[in-house]
Amino acid sequence: MQEGADYYLPAAVLGTALLVKLPALIREWRNATVRTVNALLLLPCAGFVLSSPPTITAVNRLTGISNLSALLVHCILTAYACASLVLLDYWRAESVDCARTRRRVRVWKAGCCVVITALVGLFALGEVPVERPRDFDTYYATTPFISAMLVLYLLGYVAAGVATTVVCWSWLLDIGRRTARQETRTAVDRSLQIGLLVLVIAALANIVFGSFKLTAIAARWAGQDWDALNESLSPFISASGMMIGIGLLVPAYGPALIDRVWHPLLGIRALRPLWRLVSVSGLTPGSRMFLPPPWYAGPEQVLLYRMTTIHDWMLALCVHCTEEVREAAYRQARESGAGEREAVAAGLAAMFTAAAEKRARTVPPVPEQGSLALSAVCSAEAADRDLLVSVSRALTLAGAPGRRRIAAPGGSFEYR
């Protein structure tokens, strides 16, 4: 088992991903894209298992057919290359039911079936009596029919790599031109570009891998021994297979991860200065107590808790706010060239900084000032959906080196 650990480990990772996707496959088994994604998890998982030397020996003994695992792996890799191209067609098409997409998919599937049938036929005609778990390709490079099977498999493998590279690269260029015109990129665009770039790198690696194997086989035909070329590259096929899996999964799951994990984490980080400011004195009389989310809560739930708590604590601080501080900071920001949104955030940040200082010194609150502050906050929220982040960013800028200090009644604030 230790001998095949480098094969069983990626197989276990892919198998786990397949189990996670199994409920979706059961619910949407009629969806061709869902079926193809699951096939792209199952095929390399089976390929890794059947490629490990312990499994090769076990399959050969169980079936009584020497080197049967080599044929199975070649067929699986051919089907995997076909499934990759099919999924790319499904993704790029406006509709899976598009007639052009269906024709292209049928062409890929028909070509795959022809190659696999030829591989099986050539293997049945050839003679491979000696078990070769690691160097099957070069050992039988000069054996009749088997040599043709190897060349056919590798040519198909390289051709699939070339096709994948061309399709992914042209698609990358299309996305780049479209986003350049729109001057914006969505989470779907970013995930798709990352996935396509990974697929291009993996496909190029497969082309190099297949070409080197063909070179080693050709050297055998010429009476040379270049087996080291084949054996030195064999471990990299596992990394290439994992890269293809990653490249295919990133566009499928990347947008959800960006929206539900990455963006909330960025939001939590952006709110940290404001969180520290308003919570430095803890709860005040009359403020609501929000139970923190459990340790296993996702970033979205944590962000919602932080935003709700910050908003409640800001309202509790309003009675300590001074309108003159906000107005002075706002004017100074505008005079410094800041936009309306940034200036409003700078004014509120100055006002709540001064209010937090007052509360820390236990200065008696002024309810009339609280009403004015509350009105200012409500007006700013109507104009800026991300007001909390804007105020928190203003606090970060105020704390940066090289900021000029603004003096105002009731407190002070820094802004360049």
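FYI, the numbering just counts along the sequence from 1.
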What's the spacing between E131 CD and T57 OG1 if we round to 0.5 Å? 4.0 Å

Under a 3.5 Å distance rule, please check whether R35 uses its side chain to pair with a backbone N or O of L25 as donor and acceptor. no

Just by modelled atom types, is the V167 backbone N or O under 3.5 Å from a matching donor or acceptor in the S170 side chain? yes

Does F212 reach the side chain of W226, with side-chain heavy atoms less than 4.5 Å apart? no

Separation between OG1 of T353 and NZ of K358, rounded to the nearest 0.5 Å: 12.5 Å

Under the rule for salt bridge (charged side-chain N to carboxylate O under 4.0 Å, His left out), what residues qualify as partners of E323, not counting sequence neighbours? R326

With sequence neighbours left out, write down each residue that passes ring pair (Phe, Tyr, Trp, His ring centres under 6.0 Å) with Y140, or none if nothing qualifies. F136

To the nearest 0.5 Å, atom CZ of R306 lies from atom CD1 of I268 at 6.5 Å

Exam field: side chain R334 to backbone A338, donor-acceptor pair closer than 3.5 Å: yes

Nearest non-hydrogen partners of G254 and S191, listed with the distance: C-OG, 3.2 Å

Can you name the nearest heavy-atom pair linking L388 to M307, along with the distance? CD1-O, 3.7 Å

Are Q332 and S336 side-chain neighbours, meaning at least one heavy-atom pair lies under 4.5 Å? yes

Hey, is the main chain of V128 close enough, under 3.5 Å, to the side chain of N67 for a donor-acceptor pair? yes

Within the side chain of S375, is there an N or O that forms a donor-acceptor pair under 3.5 Å with the backbone of S371? no

Minimal non-hydrogen separation, A46 against I76, with atom names: CB-CD1, 3.9 Å

Provide the full list of side-chain hydrogen bond (donor to acceptor under 3.5 Å, both in side chains) pairs with a residue in residues 249-268, sequence neighbours left out, each pair given once. K21-Y253

Side chains of L265 and R269: does their closest heavy-atom pair fall under 4.5 Å? no

Residue pairs, two or more places apart or on separate chains, that pass salt bridge (Lys or Arg N to Asp or Glu O under 4.0 Å) and touch residues 76-90: D89-R104

Here the gap from R190 atom CZ to I194 atom CD1, rounded to the nearest 0.5 Å, amounts to 9.0 Å

Can you find a heavy atom in the side chain of I258 that is under 4.5 Å from one in the side chain of V188? no

Around atom CH2 of W169, are there more than 12 heavy atoms from other residues, nucleotides or ligands closer than 6.0 Å? no

Minimal heavy-atom distance between M243 and I201, with the atoms involved, is CE-CG2, 3.4 Å

Which is it for V34 and W29 under the side chain to side chain contact (heavy atoms under 4.5 Å, CB included) test, yes or no, and what are the steps along the way? CA-CA 7 Å; V34 173; W29 68 273; over 6 Å; no

The criterion is side-chain hydrogen bond (donor to acceptor under 3.5 Å, both in side chains); which residues satisfy it with R103, sequence neighbours excluded? none

Closest non-hydrogen atom pair between P273 and T396, with its separation: CG-OG1, 3.2 Å

Taking C-beta and beyond as the side chain, do E340 and Y330 meet within less than 4.5 Å on heavy atoms? yes

Start with the C-alpha gap between T138 and L150, add the side-chain angles, then the distance that decides, and say whether side chain to side chain contact (heavy atoms under 4.5 Å, CB included) holds. CA-CA 9 Å; T138 51; L150 295 173; over 6 Å; no

Flag the pair L122 / I146 as yes when at least one side-chain heavy-atom distance between them is below 4.5 Å, and no otherwise. no

Under the 3.5 angstrom rule, does the side chain of S52 hit a backbone N or O of V49 as a donor-acceptor pair? yes

Is a side-chain donor or acceptor of T78 paired with a backbone partner of C112 at a separation under 3.5 angstrom? no

Could you tell me if the side chain of V250 sits less than 4.5 Å from the side chain of V198, heavy atoms only? no

Can you list the residues that meet the side-chain hydrogen bond (donor to acceptor under 3.5 Å, both in side chains) rule with R177, with sequence neighbours excluded? D174

Can a side-chain donor-acceptor contact be found between T186 and D189 if the only test is distance below 3.5 angstrom? yes

Do any pairs count as a ring pair (Phe, Tyr, Trp, His ring centres under 6.0 Å) and have a residue in residues 49-86, sequence neighbours left out, and if so which ones? H74-Y153

Residue list, salt bridge (charged side-chain N to carboxylate O under 4.0 Å, His left out) with R181, at least two apart or on another chain: none

Carefully, step by step, assess N206 and V158 under the rule side chain to side chain contact (heavy atoms under 4.5 Å, CB included). CA-CA 7 Å; N206 285 344; V158 171; over 6 Å; no

Residues forming a side-chain hydrogen bond (donor to acceptor under 3.5 Å, both in side chains) with T63, sequence neighbours excluded: none

With the side chain counted from C-beta on, respond yes when I65 and L71 share a heavy-atom pair under 4.5 Å apart, and no when they do not. no

Report the C-alpha distance between V377 and F352 in whole Å, list the side-chain angles of each, state the deciding distance to 0.1 Å, and finish with yes or no for side chain to side chain contact (heavy atoms under 4.5 Å, CB included). CA-CA 11 Å; V377 171; F352 282 109; 3.8 Å; yes

Please enumerate all residues that pass side-chain hydrogen bond (donor to acceptor under 3.5 Å, both in side chains) together with D135, with sequence neighbours excluded. R132

Could you tell me whether a side-chain N or O of N60 sits under 3.5 Å from a main-chain N or O of S66, the two making a donor and an acceptor? no

Salt bridge (charged side-chain N to carboxylate O under 4.0 Å, His left out) partners for R341, two or more places apart: D384

So which atom in H320 and which in A316 form the shortest heavy-atom distance, rounded to 0.1 Å? CD2-O, 4.4 Å

Euclidean distance, L85 CG relative to C168 SG, rounded to 0.5 Å: 8.5 Å

With rounding to the nearest 0.5 Å, note down the distance linking OG1 in T308 to CG in L303. 9.0 Å

Those residues that, when tested against R61, pass salt bridge (charged side-chain N to carboxylate O under 4.0 Å, His left out) (two or more places apart): none

